Amino acid sequence: AQKITQTQPGMFVQEKEAVTLDCTYDTSDQSYGLFWYKQPSSGEMIFLIYQGSYDEQNATEGRYSLNFQKARKSANLVISASQLGDSAMYFCAMRGAYYGQNFVFGPGTRLSVLP
Amino acid sequence: NAGVTQTPKFQVLKTGQSMTLQCAQDMNHNSMYWYRQDPGMGLRLIYYSASEGTTDKGEVPNGYNVSRLNKREFSLRLESAAPSQTSVYFCASREQGAVDEKLFFGSGTQLSVL
């Protein structure tokens with residue numbers, strides 16, 4: 001069975017600094033995808049970034065990058081130059097590549113950006 | 001672009017009452033999902049529909065039923081609500097196919113069962 005672990009229930013970061021949110025996963029599949037979603041206090045789920053298991057380069061989307069270490073089964077989200085609007089819950093999720101497999105979500109990390 | 005629309009946004013029920021959460025997507029996606037979100041537990045899959053005409057149980061299906069009315073609409077029904085079903089419910093959809101197809105979420109329904 002697939003599982004996502006996010007060991008940081010809450011994190012604080014100073015505005016304009018970088019922060020890393022941890023995510024480790026467990027799967028026996030060779031082909032899978034890793035996703036990060038942001039949930040601000042308004043409640044909606046916002047897709048941030050995707051990394052495929054066969055991607056050789058770490059994914060980047062603006063200030064977001066994914067530190068993908070396949071051998072360690074980790075997919076940490078790095079937010080550079082934090083902004084007050086980055087304060088939110090962040091969820092790591094994965095999905096196997098095979099038909100019928102569904103997304104598995106971690107418990108989330110609450111990030112608070114301090115002015 | 002509406003994306004995924006779910007109603008209502010808020011609902012308060014008494015134990016034993018029934019209700020249906022509605023969800024519709026306008027992206028022509030094949031797959032639709034219902035999740036519940038509880039503190040410290042992330043999102044857990046209740047039911048999903050891989051394509052029109054099919055539905056399957058997810059991780060926490062007890063106490064719920066679903067209907068895939070057509071390709072656009074996927075409803076979730078609580079027949080006899082219990083306090084344990086107090087949660088935030090999300091509908092989501094995605095295009096079937098490649099592993100990089102992400103989930104698109106509705107805005108959520110906050111349900112309280114007293």
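Every chain is numbered from 1, with letters handed out A, B, ... down the list of sequences. The shown structure was predicted, so the numbers you read here are calculated from the model rather than taken from an experiment.
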Exactly one of R94(B), E101(B), K102(B) clears side chain to side chain contact (heavy atoms under 4.5 Å, CB included) with R95(A), and that residue is R94(B)
Same cluster or not: are F91(A) and I79(A) linked, directly or through other Ile, Leu, Val, Met, Phe, Trp or Tyr residues, by side-chain heavy atoms under 4.5 angstrom apart?
no
Is Y37(A) close to chain B through its backbone or its side chain, or both, or neither, when contacts mean heavy atoms under 4.5 Å?
side chain
Residues, nucleotides or ligands: over 12 heavy atoms within 6.0 Å of K70(A) NZ:
yes
Are Y89(B) and L114(B) connected in the hydrophobic side-chain network, where two residues link if heavy atoms are under 4.5 Å apart?
no
Using 0.5 Å steps for rounding, measure from the CZ atom of F47(A) to the CZ atom of F105(B).
11.5 Å
Show me the side-chain donor-acceptor pairs of residues 17-25 of chain B shorter than 3.5 Å, one per line, residues at least two apart or across chains.
unit_1	atom_1	unit_2	atom_2	d
Q17(B)	OE1	K14(B)	N	2.7
S18(B)	OG	R77(B)	NH2	3.2
T20(B)	OG1	R77(B)	NH1	2.8
Q25(B)	OE1	M27(B)	N	3.0
Q25(B)	OE1	N28(B)	N	3.1
Q25(B)	OE1	H29(B)	N	3.1
Q25(B)	NE2	H29(B)	O	2.9
Q25(B)	NE2	K71(B)	O	3.0

Please flag which part of F103(A) lies under 4.5 Å from any non-hydrogen atom of chain B: side chain, backbone, both or neither.
both
Per-residue tally against chain A (heavy atom, under 4.5 Å) across M41(B), Q110(B), Q37(B) peaks at Q37(B)
Non-neighbouring partners of D22(A) that pass salt bridge (Lys or Arg N to Asp or Glu O under 4.0 Å), sequence neighbours left out:
none
Give a yes or no on whether R110(A) atom CZ has more than 12 heavy-atom contacts from other residues, nucleotides or ligands under 6.0 Å away.
no
OH of Y48(B) to CG of N102(A): how many Å apart, nearest 0.5 Å?
5.0 Å
Which bit of Q39(A) comes within less than 4.5 Å of chain B, counting heavy atoms only: side chain, backbone, both or neither?
side chain
Same hydrophobic cluster for L66(A) and L48(A), using side-chain heavy-atom links shorter than 4.5 Å among ILVMFWY?
yes
Does any non-hydrogen side-chain atom of M45(A) lie less than 4.5 Å from one of F90(B)?
yes
Could you tell me which of G40(B), A92(B), G106(B) has the largest number of non-hydrogen atom pairs under 4.5 Å with chain A?
G40(B)
Under 4.5 Å from any heavy atom of chain A, what part of L43(B) do you find: side chain, backbone, both or neither?
both
